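Everything below concerns the one structure shown next.
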Amino acid sequence: MEKRVVITGLGVISPIGTGVAEFWKAALAGTSGISAVPPFDTLPMEAYRSRVVGRVRDFEPAAHLEATQAERLDRYAQFGLVAAREAIDDAALKMDREVPHRVGVIVGAGMGAMTMAERELTRLYLELKPNRVAPGFIPAITMNSLGGLIAIAHGAKGPNYTISTACSSSAHAIGQAMSSIRAGQTDAMIVVGADASITPLVLAGFGTLRALSQRYNDEPERASRPFDRGRDGFVLGEGAGALILESLPHAKKRRAKIYAEVAGYAATSEAYNMVIPQEDGVEMATTMAMALRDARTAAAQVDYVNAHATSTVRGDEVEIRGIRRLLKARANKVLISATKSSIGHTLSAAGCIGAIATTMAIQTDLVHPTLNYEDPDPECRLPGIAAKPQERRIKVALVNAFGFGSNNSSLVLKRYD
Amino acid sequence: MTVKTDVAERLRSTVAKELKQDVSSITTEHTLRGDLKLNSLDAIELMFRIEEEFDLSIPDDDMQAFVKVGDVIDYLQRRLSGEPGAPAPKAAATPPAAAPPPPVFKTAAAAQRVTPAPKAAAKKAKPKAARRRA
């Protein structure tokens, strides 16, 4: 029989706080982590379409990492390492008591070491010194760099790979980790999603793609407003989320505290468009339905949806359309919230951070607010969306993450008792 | 003597800066790989810094012979005291490479599977250095 899979540890670095306790408190309080983008050297900042970002402002690498790592590792890897360590500590997972080859690492990384890549490239062209490129550059930009660093830091010798599916990367990472444990390949998995791409090139690129909010440059905290009529694009964020997944027998054997169960997962491709979801929401509904089927759970049992909801005009309404299509009458009963309203879109970290917010909702019986939901867009309006925290005992929750490249993923998390 | 002390001090403080440690914690007897815990990438970063500080270029083959902080100081002193334009590294680095103290730095690197085939590299060391300076 397939093993059940549970979450036993959490870690997060986010624009509203480092550490799960701080993150969750701020999320419930409706704190916005969106601020004006700091100047990029000599670049003309006014020429950027979007000048608001969800930046991690309180992260001091030297406070968490040894000096050389604090100086040399890319910011995304630093976020990932620190979040992973919090999750491992939180789970009280002691590697010296584990079979090392049965503890693996799966990382969701979409952009990877973008900060370092841009810096080294710029320097190469400015200084014209090929022999001065950082020797750590190649091991950093290979997309699996963070997975390797985590394995080395903790001695996790099990399967180690990276999933790169843009904004759904780390939701897929959770799903694949669940599959690995279910299949009996591993006892426990360290799952991390990390991104730190608030760089001159990436902010410009998402800007010219017309994906970012442009209307609220003077009021950053109002810029990320999923489901609101005034939304006009997402806010580029950064951060990392980490979860420890393990088989239920393994968690019980070591008397771990169990946060929730990862009960189902689905991954699909819309095979439609690189950056735009299919308008009718059928593909998103299908993905959620497949995840529920995997969890042997009926749509009518869903209590909460942690929506992908990035605050783009099209994306938000298609997701709600998909939710309505799937849940029918139940769509008016479920609670829905958009974590990106307070932290922006953390790209490949979003799946993990959404799953952490959902796990905490299950733990605390509270769903965090969707900030700036002031003037509901009729296309997105559902009774369960609110600009304030909502109380509900959640037994079944869906976590959605959709990504460029026409790919969708949904996870089903359940209360464990 | 002053030049010698000066090079030693500058090198120690360069190493300290790279390692983000106090200069008093760096002695000439410290081994780079063992005591100072430099991995192969750290060592290259350190060489960048030394090359900039002393305004010279250190060939890979010379770098392989550095075991202790003191070796780097000796090497720099030899390089810096050489007549301008003279092939200093050839004169300075070649004899010690063939002399008794084995290139521990290189061996350690090989042990960590960073530098392939230490023997082959050692054999090639001379002609390579000669070619580079030709």
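Just so it is clear, the structure is predicted and the values come from calculations on it, not from any experiment. Every chain is numbered from 1 and lettered A, B, ... according to where its sequence line falls, protein lines coming before strand lines.
- Ion pairing between B:D6 and B:R10 holds under the 4.0 Å rule for side-chain N and carboxylate O.
- Within the 4.5 Å cutoff, no side-chain heavy atoms of B:L38 are placed close to those of B:E18.
- By the 4.5 Å heavy-atom criterion applied to side chains, B:H30 and B:T27 are counted as neighbours.
- In this pair, B:F66 and B:Y75 present their aromatic rings perpendicular. The plane angle is above 60°, beyond the 30 to 60° band.
- Contacts between residues 143-167 of chain A and chain B, defined by a heavy-atom separation under 4.5 Å, are made by no residue at all.
- A search for side chain to side chain donor-acceptor pair (under 3.5 Å) contacts involving A:N131 returns nothing, not counting sequence neighbours.
- Annotation for A:V56 and A:G239: closest pair CG2-CA, 4.2 Å, computed over non-hydrogen atoms.
- Looking at B:Q21, neither its backbone nor its side chain comes within 4.5 Å of chain A, counting heavy atoms on both sides.
- Within residues 69-100 of chain A, the residues having any heavy atom closer than 4.5 Å to a heavy atom of chain B are A:E71, A:R72, listed by residue number.
- Between A:M116 and A:A140, the shortest heavy-atom contact is SD-CB, 3.4 Å.
- At a cut-off of 3.5 Å, with distance as the only test, a side-chain donor of A:S348 or A:D195 sits close to an acceptor on the other residue.
- A:E127 meets the salt bridge (Lys or Arg N to Asp or Glu O under 4.0 Å) test with no other residue; sequence neighbours excluded.
- Ion pairing of B:R49 with B:E52 is absent here, as no side-chain N (NZ or NE/NH1/NH2) approaches a carboxylate O to less than 4.0 Å.
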